[in-house]
Amino acid sequence: MAISQAKKARMKRVREGKLDPAIHRSAFAMLDLRTKRTKTKQEKLNQKKYKPSYSNAEQDSLYFLFI
């Protein structure tokens, strides 16, 4: 892939000993700002379907009695 003109200019400034403009970028520049979506009905059903279920017998074995 080719390097963009802006990137070439930035690389040239760094080579010449000048300040790298990438340092002054905002912290939000690297964040993914796409909107989040809610899960569909099918996704919720699949989440419940494959979630491990515990019976009462298995839960009783998790308790210990200390004397």
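The chain is numbered in sequence order, starting from 1. The model shown is predicted, which means the values in this text are computed figures rather than measured ones.
- Here the closest heavy-atom approach between residue His24 and residue Leu19 is recorded as NE2-CD2, 2.9 Å.
- To the nearest 0.5 Å, atom CG of residue Asp20 and atom CZ of residue Arg13 are 9.0 Å apart.
- One distance of note links NZ of Lys44 with OG1 of Thr38; it measures 6.5 Å at 0.5 Å rounding.
- The line from NZ of Lys8 to CE of Met11 is 9.0 Å long, rounded to the nearest 0.5 Å.
- With Lys39 as the partner, the side-chain contact (heavy atoms from CB on, under 4.5 Å) test is satisfied by one option alone out of Gln42, Glu43, Arg37: Glu43.
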